K.L.:
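So that we are looking at the same thing, I have put the structure below in structure tokens.
Since this is a predicted model, take the numbers as computed values, not measurements. The analysis underlying the following values was restricted to heavy atoms, covering all of them including side chains, and did not include hydrogens, waters or symmetry mates. So you know, we letter chains A, B, ... as the sequences are listed, proteins then strands, and number each from 1.
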Amino acid sequence: MTAPALETLLKRSDFLACARGKRQGTKGMMVQALNRGEGEAIRVGFTCSRKVGNAVARNRAKRRLREVARLVLPHHGRPGWDYVLIGSRDNTAERDFAALQDDLRQALRKLHG
RNA sequence: ACGGAGGGCCGGAUGGCCGCGGGGUUUCGGCCCCGAGGAAAGUCCGGACUCCACAGGGCAAUGGUGCCGGGUAACGCCCGGCGGGGGCGACCCCAGGGACAGCGCCACAGAGAACAGACCGCCUCCGGUCUUCGGGGGUAAGGGUGAAACGGUGCGGUAAGAGCGCACCGGGGGACGGGCAACCGGACCCGCAUGGCAAGCCCCACCAGGAGCAAUGCCGAAUAGGAACCUCGCGCGGGGCCGGUCGGCUUCUUCUUCGGGAGAGCCGAUACCGCCGCAGGGCCGCCCUGGCCCGGAGGUUCGGGUUGGCAGCUUGAGACGUCGGGCAACCGCGCGUCCAGAGGAAUGGUCAUCGAACCGGCACCCGGAGACGGGCCGGGGAACAGAAUCCGGCUUACAGGCUCUCCGUGCGU
RNA sequence: GCGGGUAUGGUGUAAUGGUAGCGCCCUAGCCUUCCAAGCUAGUCGUGUGGGUUCGAUUCCCACUACCCGCU
């Protein structure tokens with residue numbers, strides 16, 4: 001099978017819609033998911049509040065989340081779903097990268113099942 | 001060697017794999033090039049740029065700056081000086097104009113806190129008295145208070161005293177000399193009360209239109225060409241006339257019970273008008289000369305639409321190196337090299353090798369009496385921080401490292 | 001991007017440049033069989049760093065944190 005294309009969420013309304021869906025927290029991040037029920041694409045958004053830290057810390061956290069999503073979602077995400085990854089206060093920037101990937105996989109398993 | 005002062009620079013490196021933003025190219029598979037900082041930060045100043053406003057003169061208000069000279073597009077920045085203060089010194093700090101233009105304040109303490117004056121004292125005279133007290137006069141040396149007390153020390157002088165006289169110090173004025181200037185030196189003269197605070201009001205000199213790239217321009221989409229209420233205003237004249245209303249005329253058409261009715265036309269009036277003028281109102285800080293705008297204005301509330309694209313957008317008062325000028329800030333010229341441009345926002349993730357700080361160890365080596373330091377071994381794994389229109393500064397944050405110059409003390413030569 | 005404001009015990013707030021007050025809270029005591037209320041006493045302080053001044057919560061400068069407004 002060919003992995004479905006990843007699209008990035010940009011609009012505020014998409015983020016708000018996803019926030020009303022399911023959510024699952026892990027040590028490294030918070031994941032929100034919503035089954036749109038239409039389309040084939042996996043869409044994903046990233047966000048970090050000011051609680052994460054200054055601009056350097058926020059951007060670094062978002063970059064690591066992007067990389068994790070790029071590696072994990074094509075294989076474990078479901079087409080037609082929206083996911084929002086939220087950086088956490090202490091862990092996203094410092095956590096071991098392999099553990100961060102496991103966090104996302106585990107969160108997806110709980111959200112889907 | 002130890003301690004200290006002032007600058008300058010760097011602030012992780014290399015490679016593999018997988019990615020991101022922009023540009024170019026393409027045989028659409030890909031390939032090539034470029035891609036954060038010294039503070040990109042705070043937004044404290046100064047500009048460029050864009051839009052809006054903008055007539056002249058005088059006056060005022062508000063804000064800012066404040067020794068002198070220079071640098072600069074400009075600055076509240078920088079450089080070089082001057083003055084004051086601190087340090088043995090290298091060097092550091094200073095909003096550093098004006099206190100006889102005026103007003104104000106100076107708590108507590110103290111007799112007295114700003115036209116000087118006299119609490120305790122000191123001296124003298126008079127009266128009572130003989131422990132001393134009261135009154136008049138002279139005096140400002142001493143006392144104590146305070147952040148600050150109307151020059152200081154010494155000698156002379158005197159009833160006691162006092163710049164009363166003298167010497168030195170301090171202060172004021174100052175011919176003249178030096179310096180572009182701030183300022184410095186200063187013959188000579190003056191016995192010399194004439195505080196402090198202007199980062200209190202203020203005075204003087206100088207500077208300043210407002211807003212900001214979410215500026216601004218173009219294209220596209222969509223909806224609307226709004227509603228309600230409140231406040232103030234609600235005059236005159238001219239002009240216009242589609243349609244309306246009223247009155248008149250009777251040229252035409254038509255109906256007629258021959259009185260007239262209806263329609264069209266013409267004339268006049270009226271409301272009306274997003275026409276004009278005046279009055280009026282408003283604006284240009286104020287005034288004068290003058291100008292502009294409105295003709296309904298202003299305000300509040302409600303309702304509706306859009307949150308797309310392109311330009312601005314990065315090559316510029318550019319940076320670095322070299323050469324020349326200048327004590328320096330900086331400037332000039334030629335040559336060479338370099339140049340992020342996103343738009344919920346790229347410049348990363350991961351692995352390997354190397355690696356500073358830091359932590360631990362003392363088997364071994366070196367120095368040392370020792371503590372310990374260096375070598376060595378193991379761990380560890382890089383500060384502050386991310387461009388958002390662009391520049392010049394300032395300020396603040398920053399693990400640590402490298403380097404230059406200078407000062408003090410000690411030792412050696 | 002532009003602009004404004006605030007910071008005073010744990011909390012809410014006062015203070016012409018001259019000893020930082022007040023209420024609530026807290027602690028202790030009194031009162032009460034106990035609690036509450038009341039009474040008495042006490043602890044706790046000007047965001048940070050400089051400067052002006054004899055003297056700063058106050059004036060000036062820089063910084064920090066928080067809040068608000070406009071576009």
K.L.:
Can you tell me how far C1' of B/rC20 sits from CD of A/Glu67, to the nearest Å?
P.N.:
9 Å

K.L.:
Given A/Leu85, which of A/Gln32, A/Lys62, A/Met29, A/Arg66 fulfils the side-chain contact (heavy atoms from CB on, under 4.5 Å) condition?
P.N.:
A/Met29

K.L.:
Please determine, for B/rC252, whether a Watson-Crick or G-U wobble partner exists with both distances under 3.5 Å, and give it or none.
P.N.:
B/rG263

K.L.:
Could you state the CG-C1' distance from A/Leu85 to B/rG344, rounded to the nearest angstrom?
P.N.:
16 Å

K.L.:
What is the distance, to the nearest angstrom, from the CZ atom on A/Phe46 to the C1' atom on B/rG348?
P.N.:
13 Å

K.L.:
From CD of A/Gln101 over to P of B/rC351, roughly how many Å is that when rounded to an integer?
P.N.:
10 Å

K.L.:
Between A/His112 and A/His76, which heavy-atom pair has the shortest distance, and what is it?
P.N.:
CE1-O, 3.3 Å

K.L.:
Look through every strand shown and name the nucleotide pairing with B/rG209 as Watson-Crick or G-U wobble, where both distances are under 3.5 Å.
P.N.:
B/rC52

K.L.:
What's the verdict on side chain to side chain contact (heavy atoms under 4.5 Å, CB included) for A/Leu65 and A/Val44, showing C-alpha distance, side-chain angles and the deciding distance?
P.N.:
CA-CA 10 Å; A/Leu65 291 178; A/Val44 60; over 6 Å; no

K.L.:
Have a look at B/rG38 and give me syn or anti from its glycosidic angle (syn if within 90° of zero).
P.N.:
syn

K.L.:
Rounded to the nearest Å, what distance is computed from the CG atom of residue A/Leu71 to the C1' atom of nucleotide B/rC17?
P.N.:
12 Å

K.L.:
Which listed nucleotide (B/rC18, B/rA345, B/rG348) is nearest to the side chain of A/Arg63?
P.N.:
B/rG348

K.L.:
Please determine, for C/rU52, whether a Watson-Crick or G-U wobble partner exists with both distances under 3.5 Å, and give it or none.
P.N.:
none

K.L.:
Side-chain N or O of A/Arg70 less than 4.0 angstrom from OP1 or OP2 on B/rG348?
P.N.:
no

K.L.:
Rounded to the Å, how far apart are A/Leu100 CG and B/rG348 P?
P.N.:
18 Å

K.L.:
Which nucleotide, if any, forms a Watson-Crick or G-U wobble pair with C/rG23, using both distances under 3.5 Å?
P.N.:
C/rU11

K.L.:
I'd like the P distance from B/rG89 over to B/rG401, given in whole Å.
P.N.:
32 Å

K.L.:
Quote, to the nearest angstrom, the P distance that separates B/rA187 from B/rA101.
P.N.:
30 Å

K.L.:
Just label B/rG161 as syn or anti from its O4'-C1'-N9-C4 or O4'-C1'-N1-C2 angle, using within 90° of 0 for syn.
P.N.:
anti

K.L.:
Given that both distances must come in under 3.5 Å, which nucleotide forms a Watson-Crick or G-U wobble pair with B/rG244?
P.N.:
B/rU270

K.L.:
Using whole Å, what does the distance between atom C1' of nucleotide B/rG344 and atom NZ of A/Lys62 come to?
P.N.:
7 Å

K.L.:
Please state the P separation for the pair B/rG243 and B/rC267 - nearest whole angstrom.
P.N.:
13 Å

K.L.:
Got a donor-acceptor contact below 3.5 angstrom from the A/Lys22 side chain to the A/Leu111 backbone?
P.N.:
yes

K.L.:
Whom does B/rG156 pair with, Watson-Crick or G-U wobble, provided both distances fall under 3.5 Å?
P.N.:
B/rC164

K.L.:
Using a strict 4.0 Å threshold on nitrogen-to-oxygen distance, state whether A/Arg70 and A/Glu67 make a salt bridge.
P.N.:
yes

K.L.:
Under a 3.5 Å limit for both distances, which nucleotide forms a Watson-Crick or G-U wobble pair with C/rC31, could you say?
P.N.:
none

K.L.:
Using the C1' atoms only, state how far B/rG37 lies from B/rG341, rounded to an integer number of Å.
P.N.:
16 Å

K.L.:
Identify whether the glycosidic angle of B/rG8 places it syn (within 90° of 0) or anti.
P.N.:
anti

K.L.:
Mind telling me if B/rA224 is syn or anti? Syn here is a glycosidic angle within 90° of 0.
P.N.:
anti

K.L.:
Which atoms form the tightest heavy-atom contact between A/Arg78 and A/Tyr83, and what is the distance?
P.N.:
N-OH, 3.0 Å

K.L.:
Roughly how many Å apart are B/rG186 and C/rA62, using the C1' atom of each and rounding to a whole number?
P.N.:
45 Å

K.L.:
Give me the distance, rounded to whole Å, that separates B/rG110 from B/rC125 when you measure between the C1' atoms they each carry.
P.N.:
32 Å

K.L.:
Roughly how many Å apart are B/rC364 and B/rA371, using the P atom of each and rounding to a whole number?
P.N.:
14 Å

K.L.:
Could you check which of B/rA346, B/rU350, B/rG349 has an atom nearest any side-chain atom of A/Arg64?
P.N.:
B/rU350

K.L.:
Less than 4.5 Å apart, side chain to side chain, heavy atoms only: is that true for A/Leu108 and A/Leu104?
P.N.:
yes

K.L.:
Does any nucleotide pair with B/rA297 by Watson-Crick or G-U wobble geometry, both distances under 3.5 Å, and what is it?
P.N.:
B/rU231

K.L.:
In whole Å, measure the gap between the C1' atoms of B/rU129 and B/rA114 for me.
P.N.:
45 Å

